[in-house]
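A short worksheet on the structure shown next.
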Protein chains: 2
Amino acid sequence: MEAGWQRQGKLWSNLKELCDVLRIPSAAVHTDEELLFQHVQFKTGQRIHTIGQPFDTLYIVHSGFLKTVLIDEFGNEQVLSFPMKGDLFGVDGIHTKRYASEAVALSNCDLILLPFKKLTALGRAHPEFEHAMYSVMSRELVREQAMVSMLGALSAEARVARFLVNLSERYADMGYSSKLFNLRMTRHEIGSYLGLTLETVSRTLSAFNEIGLITVDQRSIGIKDLDALKTLRRLPPSSTRAKQSGAKKAKAAASKEPDQPDGEWDSLATA
Amino acid sequence: MEAGWQRQGKLWSNLKELCDVLRIPSAAVHTDEELLFQHVQFKTGQRIHTIGQPFDTLYIVHSGFLKTVLIDEFGNEQVLSFPMKGDLFGVDGIHTKRYASEAVALSNCDLILLPFKKLTALGRAHPEFEHAMYSVMSRELVREQAMVSMLGALSAEARVARFLVNLSERYADMGYSSKLFNLRMTRHEIGSYLGLTLETVSRTLSAFNEIGLITVDQRSIGIKDLDALKTLRRLPPSSTRAKQSGAKKAKAAASKEPDQPDGEWDSLATA
DNA sequence: CGCACTTTTGAACAGTATCAACAAGTGTGG
DNA sequence: CCACACTTGTTGATACTGTTCAAAAGTGCG
């Protein structure tokens, strides 16, 4: 038992662990740093913060999957992002001192709390940490810009294709299989995220399956032709598709290859 | 002649002026602060930075109008924002140390240079300035989120309407008329920004003009019914529109009311 | 003055949304 | 344990919003 913060099933992290999760260099950080960061757990469906709630802390995903949403004047959800391991969220609360969006757990989650006061204090003590925080916020902004660009210019098929490619790369980053994974969100949520209806998402996934780019079985996705997905701009007409149905009846259902955690507390089992 | 930085037609600003332009509290700032920030001028059409160019400084618009764009693999521009007085841009360069977007002057511009190194140093010396910078970056993120939401959920008419409302409010903030102003960008650029074609933008403006919400004469826009623009979700069918053309033949062409600067160097004439 | 760019408007078409029916899976309570 | 309600996902038919292609007029600049 190396430290007190290991008690209670790892409810705390030190600065080095925080940096590692965020994928920022922790070289210059003193490993003897006393500062500890509290973890907090949420179960599937629970709300982390709501719109208008007073802001004081940022969240870093240690494990699990979430969505952040905006709610329009008539209660319709607009999905903004699907935070997962290593992502920071809550940043939109800094400006008005109130969260501008709502965050909901799509699976059981383990989050690291980063009080904004602590962040600024830390930035003053560790210049390279301050730089890293600006960098992470910049990364978020670039991500949003890419979303705007996608929504503004790409067809439905291209959006879904890029969504799958991004997810695949994200899973690879996290050390899971990039070829076989489960979606943590519904078609409706994907559609909202991509500016499409759930029917269009469903049809597009079916079409990709038909031409052998992927396999689909409910939430289970198998990537079969990553390059095609990456470069796809628009689908060939369905008349062309009808013929070439060959070797692609391999429903992914049977394969039980270990792809990603599905446990009670995602990747928290390493106690 | 109060200070050396007034020489050469106001090429420098102190910290207080910087904060004022950014609309952040400068109360705690020492007015005797020695630090000066260089200005730089760009003429219409000039490029401030390009994609991939090494990043080291942020820009704050002191006067003038710009656009920031992404360029896709085949050279198509995707407009991301239209920075104007008080806006910060270049933030997307922090993460990868290279600008992720390109900024172009739509009018003659006067920009304040904020070297990123200077920003971080300043943040350490003035905690409230550091907080303000986080706040401004958060504001940018919220703005991008609003764009994503708009592109994902609103009809073409609603997008154009909201664009006009935002512009109107922005002009009001800057002290210009919110009821009569000139667009600094082409229909094509507006369309790119809103995820529409230039034809749709043109048609929508014409339709708004027909039903009396605005007056349009090329780049000149007159706001006639702000509330209707704010709440507009979708236009009544054109068959309905045909009848009710009444008191709205007032082409804005004749009115030469002073609305905003159009000089050689926008609002730089106050020397 | 001429040429390139911008804007407007029309007509036909295409891509998605909408509406609807149904199937499969999940949880609840009798 | 099964009946029932509810959520999620698939697929089809149809309508409609916005794009594409095209033509012409207006604007501005060298």
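This one's a predicted model, so the numbers in the text were calculated from it and none came from an experiment. We name chains A, B, ... by the order of the sequence lines, and we start the count at 1 in each one.
- The interatomic distance linking B:M185 (CE) with C:dT7 (P) rounds to 11 Å, in whole Å.
- At a threshold of 4.5 Å between non-hydrogen side-chain atoms, the residues A:R159 and A:R162 do not count as touching.
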Output a table of nitrogen or oxygen pairs between the protein and nucleotides 11-16 of chain D separated by less than 3.5 Å.
unit_1 : atom_1 : unit_2 : atom_2 : d
D:dT11 : OP2    : A:S206 : OG     : 2.8
D:dG12 : N7     : A:R203 : NH1    : 2.7
D:dG12 : O6     : A:R203 : NH2    : 3.0

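- Nucleotide C:dT6 holds its C1' atom 14 Å from the CD1 atom of B:I221, rounded to whole Å.
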Report the C-alpha separation of B:E140 and B:F89 in whole Å, then their side-chain angles, then the decisive distance to 0.1 Å, and conclude whether the side-chain contact (heavy atoms from CB on, under 4.5 Å) test is met. CA-CA 9 Å; B:E140 281 302 297; B:F89 67 92; over 6 Å; no
The contact string for nucleotides 24-30 of chain D, one letter per nucleotide 5' to 3', using protein heavy atoms under 4.0 Å with B, S and - for base, sugar-phosphate only and none, comes out as ---S---
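- Residues from residues 66-73 of chain B with heavy atoms under 4.0 angstrom of DNA chain D: there are none.
- Spacing between atom CD of A:E77 and atom P of D:dT7 amounts to 14 Å, rounded to whole angstrom units.
- Salt-bridge annotation for A:E210 and A:R203: absent, with no side-chain N of the basic residue lying under 4.0 Å from a carboxylate O of the acidic one.
- B:Q145 meets the side chain to side chain donor-acceptor pair (under 3.5 Å) test with A:D92; sequence neighbours excluded.
- Comparing C:dT6, D:dT19, C:dT16 by their closest approach to the side chain of B:R219 singles out C:dT6.
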Check the pair B:Y193 / B:F82 against ring-ring contact (aromatic ring centres under 6.0 Å, His included), numbers first and verdict last. CA-CA 9 Å; B:Y193 180 65; B:F82 294 114; 4.9 Å; yes
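- At C:dT7, one or more side-chain N or O atoms of B:R187 fall inside 4.0 Å of OP1 or OP2 (strictly under the cut-off).
- By the 4.5 Å heavy-atom criterion applied to side chains, B:Q41 and B:N108 are not counted as neighbours.
- Ion pairing between B:K67 and B:E77 holds under the 4.0 Å rule for side-chain N and carboxylate O.
- One interatomic measurement links the two molecules: CG of A:L151 to P of C:dG15, which rounds to 19 Å at whole-angstrom precision.
- For A:Q46, there are no side chain to side chain donor-acceptor pair (under 3.5 Å) partners, not counting sequence neighbours.
- Note on B:G191: nothing from the nucleic acid sits closer than 4.0 angstrom, heavy atoms only.
- Within the 4.5 Å cutoff, the side chain of B:V148 has heavy atoms near those of the A:M147 side chain.
- Taking 4.0 angstrom as the limit, B:T186 places none of its side-chain polar atoms (N or O) nearer than this to OP1 or OP2 of C:dT6.
- Note: CG (A:L183) to P (D:dG9) measures 9 Å, nearest angstrom.
- Atom CZ of B:R219 is surrounded by more than 12 heavy atoms from other residues, nucleotides or ligands within 6.0 Å.
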Kindly determine whether B:L167 and B:F181 satisfy side-chain contact (heavy atoms from CB on, under 4.5 Å), including the steps that lead there. CA-CA 9 Å; B:L167 260 193; B:F181 49 82; 4.0 Å; yes
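- When rounded to the nearest whole Å, the span between NE2 of B:H188 and P of D:dT20 equals 11 Å.
- The terminal axes of the helix from C:dC1-D:dG30 to C:dG30-D:dC1, fitted over 5 pairs per end, subtend an angle of 40° to the nearest 10°.
- B:M84 places a side-chain heavy atom less than 4.5 Å from the side chain of B:D87.
- What separates CG of B:N209 from P of C:dT7 is a distance of 15 Å, to the nearest Å.
- Between the CG atom of B:L196 and the P atom of C:dT8 there is a distance of 14 Å, given to the nearest Å.
- When side chains are defined from C-beta on, B:L111 counts as touching B:F42, because their heavy atoms get closer than 4.5 Å.
- No hydrogens or angles considered: nothing links the side chains of B:S101 and B:T68 as a donor-acceptor pair under 3.5 Å.
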